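Only this structure's heavy atoms are used, side chains among them; waters, hydrogens and symmetry mates stay out. Every chain is numbered from 1 and lettered A, B, ... according to where its sequence line falls, protein lines coming before strand lines. These numbers were taken from a predicted model, which means no experiment stands behind them.
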2 protein chains.
Amino acid sequence: MRADARKNREHLLAVAGTAITEQGVDVSLRDIARRADVGLATLLRHFPTREALLDTLLRTKLDELTANAGALETFSSPVDALVSWLRDCVAWTTEYQGAIVLMAAAIEDTESALHASCVTVRAAGARLLTRAQAAGMARTDMDGADLFALVMALSWVGDQRSLAPRADHLFNIVASAILTSAPSNAAEEERDPRTHG
Amino acid sequence: MRADARKNREHLLAVAGTAITEQGVDVSLRDIARRADVGLATLLRHFPTREALLDTLLRTKLDELTANAGALETFSSPVDALVSWLRDCVAWTTEYQGAIVLMAAAIEDTESALHASCVTVRAAGARLLTRAQAAGMARTDMDGADLFALVMALSWVGDQRSLAPRADHLFNIVASAILTSAPSNAAEEERDPRTHG
DNA sequence: ACCTGAACACCGTTCAAGT
DNA sequence: ACCTGAACACCGTTCAAGT
């Protein structure tokens with residue numbers, strides 16, 4: 001890439017990050033180009049779609065979450081690792097208002113530039129969930145896709161101005177539903193076999 | 001209202017209902033006007049904003065939910081009433097894709113035409129929750145606003161194509177988190193109140 | 001290679017002119 | 001009273017022309 005092109009690209013990313021933090025992911029691309037002092041067509045040359053731009057901005061954070069999951073898996077108890085990772089996931093989304101909807105769409109759209117990063121995050125969460133389940137500390141009737149959907153839903157609550165004040169409390173309620181109150185043993189299984197599957 | 005105006009209004013509502021069912025709440029207003037064979041300005045004369053149009057379409061359904069809550073309060077057990085009402089709330093939103101976001105915004109925007117209907121629905125849910133709490137069947141650390149936010153979140157999951165397959169399962173998980181496992185009647189609880197409704 | 005103004009087909013809003 | 005075409009200021013997309 002030519003030096004001037006690279007400079008444009010990096011400047012556009014910085015300006016876009018600011019604009020999206022301020023106005024959410026639906027901010028006008030024309031505005032971003034104006035604020036970056038380039039033509040709109042230049043922005044679209046570097047990032048052919050809004051999602052391509054978002055992908056570049058979000059990928060760093062998503063990969064951070066994936067890496068963080070690995071560290072937690074190594075150094076924390078199954079429950080602590082799962083819960084604090086989930087909390088991180090929900091927390092960071094407040095920075096880019098509306099990003100959650102793009103992520104939810106990307107997880108099953110293999111054409112999406114965000115697809116790979118979303119799948120990786122989901123897999124990281126699934127590993128933490130499996131670990132907690134193996135320790136008898138998490139309900140066994142859910143999988144990584146369920147966990148991902150719950151994280152998306154809680155993040156969406158944090159994204160809605162009117163619901164956001166309840167987000168923390170609802171997180172705790174949902175977290176308590178994921179965790180089992182007693183460690184694994186026959187009696188626990190017996191207590192309610194119907195909720196499996 | 002003049003007869004021709006009333007006819008236009010009703011025809012617009014019918015066409016808008018169809019269009020929104022097909023394409024979601026972000027469907028072009030110009031398209032609706034075209035399909036109704038009136039000028040766009042005529043649509044905007046009857047419904048000055050998109051939200052005003054949505055309000056008229058959604059109000060019927062929201063008031064139905066409120067009325068249904070009253071009936072359940074009278075004729076069903078606290079747990080059955082709460083769970084089956086919640087299920088109804090989450091289920092109907094699938095008809096108008098995207099409506100959930102408008103409702104979430106309206107609940108705290110007193111300027112919104114949807115505001116009153118949303119507040120009424122939230123109050124109806126709060127009554128059912130209070131009743132279940134009084135019977136010792138629901139956790140006491142949440143209120144109507146928490147319940148409303150949970151319903152919104154679960155509805156949003158049903159709204160996202162990639163997450164929708166998990167919606168039913170997540171509903172059951174969240175419902176089980178709202179209900180307390182320690183009942184006044186141990187035998188009833190053993191039967192599994194979570195799957196009612 | 002890379003940039004960009006201009007044309008394009010959309011959108012919701014407004015309003016003067018028509019019946 | 002009610003309707004509406006037309007003008008307006010936006011949007012994202014595309015591309016021929018410039019450096």
Side-chain angles (χ1 to χ4, degrees), chain A residues 1-20 22-58 96-99 101-102 105-106 109 111-114, chain B residues 1-20 22-58 96-99 101-102 105-106 109 111-114:
Chain A
M1 190 181 303
R2 233 166 57 179
D4 58 340
R6 172 172 303 277
K7 197 179 153 191
N8 268 340
R9 196 188 131 92
E10 277 164 20
H11 185 48
L12 275 166
L13 278 175
V15 170
T18 306
I20 291 171
E22 288 170 7
Q23 307 186 41
V25 297
D26 289 331
V27 64
S28 154
L29 297 181
R30 249 193 185 83
D31 260 12
I32 294 176
R34 261 194 292 266
R35 288 167 66 163
D37 265 316
V38 301
L40 169 60
T42 301
L43 187 158
L44 292 169
R45 157 173 262 274
H46 287 288
F47 308 102
T49 65
R50 179 186 299 278
E51 204 183 35
L53 176 60
L54 259 296
D55 172 47
T56 309
L57 287 169
L58 297 185
Y96 288 164
Q97 199 194 359
V101 176
L102 292 174
D109 176 12
E111 303 299 306
S112 160
L114 270 176
Chain B
M1 190 183 303
R2 233 165 60 180
D4 57 340
R6 173 172 302 277
K7 195 179 155 192
N8 268 340
R9 195 188 132 93
E10 278 165 17
H11 186 48
L12 275 167
L13 278 174
V15 169
T18 306
I20 291 171
E22 288 170 5
Q23 306 187 44
V25 297
D26 290 330
V27 63
S28 154
L29 297 182
R30 248 191 185 85
D31 260 11
I32 295 176
R34 260 195 292 265
R35 287 167 66 164
D37 265 316
V38 300
L40 169 60
T42 302
L43 187 158
L44 292 170
R45 157 172 264 274
H46 287 287
F47 308 101
T49 64
R50 180 186 298 277
E51 206 183 33
L53 176 60
L54 258 297
D55 172 48
T56 309
L57 287 169
L58 297 184
Y96 289 162
Q97 200 194 359
V101 176
L102 292 174
D109 175 12
E111 303 299 305
S112 161
L114 270 176

Nearest-0.5 Å distance that lies between atom OG1 in B:T49 and atom CG in B:L44
9.0 Å

Heavy-atom pair of closest approach, residues A:R50 and A:V25:
NH1-O, 2.9 Å

Where does the chain A footprint on DNA chain C start and end, counting 5' to 3' with a 4.0 Å heavy-atom cut-off?
C:dA1 to C:dG5

Under the salt bridge (charged side-chain N to carboxylate O under 4.0 Å, His left out) test, residues paired with A:R35 that sit two or more places apart:
A:E22

Rounded to the nearest 0.5 Å, how far does OG1 of B:T42 lie from CG of B:D37?
11.0 Å

For the pair A:L43 and A:N8, evaluate side-chain contact (heavy atoms from CB on, under 4.5 Å) and give the outcome as yes or no after the intermediate values.
CA-CA 8 Å; A:L43 187 158; A:N8 268 340; over 6 Å; no

Taking all heavy atoms of B:V27 and all of B:A19, pick out the closest pair and write down the distance.
CG2-CB, 4.2 Å

Just verifying a value: how many Å separate A:L13 CG and A:T56 OG1, rounded to the nearest 0.5 Å?
6.0 Å

Of the residues in residues 34-46 of chain B, which ones touch DNA chain D at a heavy-atom distance under 4.0 Å?
B:V38, B:G39, B:A41, B:T42, B:R45, B:H46

Which residues pass the salt bridge (charged side-chain N to carboxylate O under 4.0 Å, His left out) test with B:D31, sequence neighbours left out?
B:R34

Output, in order, the C-alpha distance, side-chain angles, deciding distance and verdict of side-chain contact (heavy atoms from CB on, under 4.5 Å) for A:D55 and A:L102.
CA-CA 9 Å; A:D55 172 47; A:L102 292 174; over 6 Å; no

Counting only non-hydrogen atoms, which of residues 2-16 of chain B are less than 4.0 Å from DNA chain C?
none

Can you find a heavy atom in the side chain of A:L29 that is under 4.5 Å from one in the side chain of A:I32?
yes

Mind listing the closest non-hydrogen atom pair of B:L58 and B:A99 along with its distance?
CD1-CB, 4.0 Å

Report the distance from atom CG of B:D4 to atom NE2 of B:H11, rounding to the nearest 0.5 Å.
13.5 Å

Involving DNA chain D, stems made of at least three consecutive Watson-Crick or G-U pairs, both distances under 3.5 Å
C:4-8 with D:12-16, C:12-16 with D:4-8

